[in-house]
Amino acid sequence: MTEARETSRRVRVLLCDDHAVVRAGLLALLDNAPGIEVAGEAGTGEEALALSAKLRPDVVLMDLQLGDGIDGVETTRRLTAGGGGGPYVLVLTTYDTDADITRAIEAGATGYLLKAERPEELFAAVHAAAQGRTTLSAPVASRVMANLRSPRPTLTDRERDILTQLAQGLGNREIARALFISEATVKTHLGRIYDKLGVDTRAGAVAVAKEQRLLP
């Protein structure tokens, strides 16, 4: 009887993606999904926060990159900051770097799916999220398990120095001058920092460093 009641209850979903075409595709897909109802759609993080407060969805389907304004990670953090009573957040994105996964999960995301998933997997993940259960795409789960088995190496003092300069917005030449080293040495250290933090951009390195409190 309990299972029948859960099955008959429709999960109300709020879509958040900055691409109108993607939202339209998700809307068409989810509108035909069993037990799922699209309550609304947002193109920015700010809009998602406002609509969530108004519509009270069960699940927010969240992209990570939202153009101008706050990104999906910060939106997720604000949506889940109040603890119980708020919506569950299910990330749906094309990004599967260690940095993106770590930031989203630490911000409070219940699940993390890649947009390459089959529709059936998405539907199941939405229902799981509505019950507070975690769902991860297979590649994401593999990354999480690999990181648990093999923690990232710690940064050297020199790498921390460079990361600190990076967080201040300095370029390679400016960092080299500030630390009295060559630009080639800066590039070498940056490559090692990226590898250790599981990122491939300067912004990603700074974001992960802040999340893991690696910066002073």
Under 3.5 Å side-chain donor-acceptor pair for S182 and T185: yes
Atom of L14, atom of A48 and distance for their closest heavy-atom approach: CD2-O, 3.6 Å
Least distance between heavy atoms, P57 atom then V13 atom: CB-C, 4.3 Å
Close side-chain approach of M62 and L90, heavy atoms under 4.5 Å: no
Backbone of L55 reached by a side-chain donor or acceptor of R12 within 3.5 Å: yes
Salt bridge D17-K115, side-chain N to carboxylate O under 4.0 Å: yes
Heavy-atom side-chain contact between L49 and I70 under 4.5 Å: yes
Y194 side chain reached by D200 side chain, heavy atoms, under 4.5 Å: no
Heavy-atom closest contact (L66 atom, C16 atom, distance): CD1-SG, 3.9 Å
Pair R202, N172: side-chain N/O donor-acceptor within cut-off below 3.5 Å: yes
Pairing of E106 and R103 as salt bridge, 4.0 angstrom limit: no
G171 backbone acceptor or donor facing E174 side chain under 3.5 Å: yes
Short N-O contact, R78 and E74, less than 4.0 angstrom: yes
Any pair counted as salt bridge (charged side-chain N to carboxylate O under 4.0 Å, His left out), so long as it reaches residues 23-38, sequence neighbours left out: R23-E41
